[in-house]
Visitor: 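Just passing along the structure, written as structure tokens.
Numbered from 1 within each chain, the chains take letters A, B, ... in sequence-line order. All values below were derived from every heavy atom in this structure, side-chain atoms included, with hydrogens, water molecules and symmetry-related copies excluded.
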2 protein chains.
Amino acid sequence: MTSVEEPARSGERIRDAARTRAEILDVATQEFARAGYDGARVDEIAARTRTTKRMIYYYFGGKEQLFTAVLERAYGVIREAEQELDVDHLDPVAAIRRLAELTFDHHEQHPDFIRLVSIENIHEAHHIAGSEKLGKIGSPALDVIRRILASGQESGLFTADVDAVDLHAMISSFCFFRVSNRHTFGALFGRDLLDGAQRAHYRAMLGDMVIAYLTAERSAG
Amino acid sequence: MTSVEEPARSGERIRDAARTRAEILDVATQEFARAGYDGARVDEIAARTRTTKRMIYYYFGGKEQLFTAVLERAYGVIREAEQELDVDHLDPVAAIRRLAELTFDHHEQHPDFIRLVSIENIHEAHHIAGSEKLGKIGSPALDVIRRILASGQESGLFTADVDAVDLHAMISSFCFFRVSNRHTFGALFGRDLLDGAQRAHYRAMLGDMVIAYLTAERSAG
DNA sequence: TCACTAATGTACGAACTAGTACGTTAGCTA
DNA sequence: TAGCTAACGTACTAGTTCGTACATTAGTGA
């Protein structure tokens, strides 16, 4: 998530609006993810920046808008990753597995994003609701899922009555929970869901689960 | 979660340590779940109680310990529900489905619990780690899962290599996500995962998913 | 019924925290 | 090169918030 390189010739004061803005966003992302919205300190964010608190208000307006900007950028990152996904050359089963793995990998590599989303849910998604950028853009992954599902259902490989948004929820829930609930799960069950030695195991488990669901014959009743 | 009845003969000042303590816990549960740990206000909790802030410190010591006590009670509630589960008379498939439904129902009916767990994860489960009660008690559900899995694997119904903790994670992730991420998911995809009209659909989907995973033939490689 | 303690209430303070008024300067452009 | 504005810094404040010192009373046991 770090987007600020170091052109820092120490001692000099260089003016660079884009760099200052990006640096604030970087630090704010860490601070909000670390402590939650109310736990995060504007002064702390400023202190870990090469600029001052004044600039946060200059560029973003306030703590609330800063958090919204942080969310917007974090969601932008996963959208980009989803957009780069190319599964058109794969059969439906391999394509779904590939998509699930992308979500698995992204969530694992961006724990700050997971924490921000958890925090935003505590606040009932008010910031998303108030953001023009995040309004109803949806997700590139959804389009991919729709295409794969249509293809798989047409060929009879997949059960016919599966919805794209539902499948996205199924995949996301497993990937999200693994990161978001790592600490309570670890404390209560003595198992670290992010243990590197178990990574391949859980990654395969997710794919197996989704494929099993999609290819199973549904029992009546 | 409300555990305080009303013996309130108005006007009189009755001393009742247990009632006062329970009332504080009730209100604190709501307030912490509403606003997060740092967003919650001790003064606000006190104001919504028939007693004063002084009593919070008298009975619990401080905000931190109060939150721990809230967590301890919330986890106690789900443990009780799991303990009442009786699936010994069911075949493995029906038993697993019953267990999944119990988790589904409990999480849906206790959104405050879900929020508290999300909050505790933001704080890296420090309160659980510092709690004697919550230390390593585990979960009654795990024992149930172990028994059902053994039975199902023995009879050849279930795939042999499934672990109880993993299966618990799988079931929990879906049920948890549905409640915890309701707001961001709804804002981004325009679908309310807690919509009553879809309840049966998602409840069945969870069972189908778990059973499909347990009964599927695993593809090699 | 007396005395003692658990339980409760009041009033206050020290520290923190989001936000701002006001002043300064780098660097571009005419 | 003069001047203008975007970019930046300092110092401060008003309001909040956790926590506590101190005072009081209900109820119980001797």
Visitor: Taking atom C1' of C/dA21 as reference, at what distance in whole Å does atom OH of A/Y57 sit?
Guide: 14 Å
Visitor: Look at the side chain of B/Y58 and decide which nucleotide, out of C/dA18, C/dA7, C/dT25, has an atom nearest to it.
Guide: C/dA7
Visitor: Do you see a donor-acceptor pair shorter than 3.5 Å between the side chains of A/D163 and A/H168?
Guide: no
Visitor: Can you check whether A/L193's main-chain N or O pairs, donor with acceptor, with A/R178's side chain at less than 3.5 Å?
Guide: yes
Visitor: To the nearest Å, how far apart are A/R54 CZ and C/dC22 P?
Guide: 12 Å
Visitor: For residues B/H127 and B/Y37, establish whether the separation of their ring centroids is below 6.0 Å.
Guide: yes
Visitor: When you measure from the side chain of B/E120 to the backbone N and O of B/I128, does any donor-acceptor pair fall under 3.5 Å?
Guide: yes
Visitor: Whole angstroms only, please: what is the CD1-P distance between A/I56 and D/dG9?
Guide: 12 Å
Visitor: Between C/dT10, C/dA18, D/dG9, which one does the side chain of A/M55 approach most closely?
Guide: D/dG9
Visitor: Let me know the distance between CZ of B/F60 and P of D/dT20, rounded to the nearest Å.
Guide: 16 Å
Visitor: Identify which nucleotide among C/dA18, C/dA7, D/dT17 has an atom closest to any side-chain atom of A/V42, counting heavy atoms from C-beta outward.
Guide: C/dA18
Visitor: Could you tell me whether a side-chain N or O of A/H110 sits under 3.5 Å from a main-chain N or O of A/H106, the two making a donor and an acceptor?
Guide: yes
Visitor: Could you check whether any side-chain N or O of B/N121 sits under 3.5 Å from a backbone N or O of A/T184, counting only pairs where one atom can act as donor and the other as acceptor?
Guide: yes
Visitor: Side chain of B/K53, base of D/dG19: donor and acceptor closer than 3.5 Å?
Guide: yes
Visitor: Could you provide the dot-bracket string of DNA chain D, using ( ) for intrastrand pairs, [ ] for crossing pairs and | for bases paired to another strand, with Watson-Crick or G-U pairs below 3.5 Å?
Guide: ||||||||||||||||||||||||||||||
Visitor: What nucleotide, of C/dA18, D/dT17, C/dA7, holds the atom closest to the side chain of B/A17?
Guide: C/dA7
Visitor: Does either side chain, that of B/T51 or that of B/E23, offer a donor lying less than 3.5 Å from an acceptor on the other one?
Guide: no
Visitor: Any donor-acceptor pair under 3.5 Å joining the side chain of A/R15 to the base of D/dA6?
Guide: yes
Visitor: Classify the nucleic acid contact of B/A46 as base, sugar-phosphate or nothing, counting any heavy atom under 4.0 Å across all strands shown.
Guide: nothing
Visitor: When the distance from CZ of A/R41 to P of D/dC18 is rounded to whole Å, what number comes out?
Guide: 10 Å
Visitor: Report which part of the nucleic acid A/T52 touches: base, sugar-phosphate, or nothing (heavy-atom distance under 4.0 Å, all strands).
Guide: base
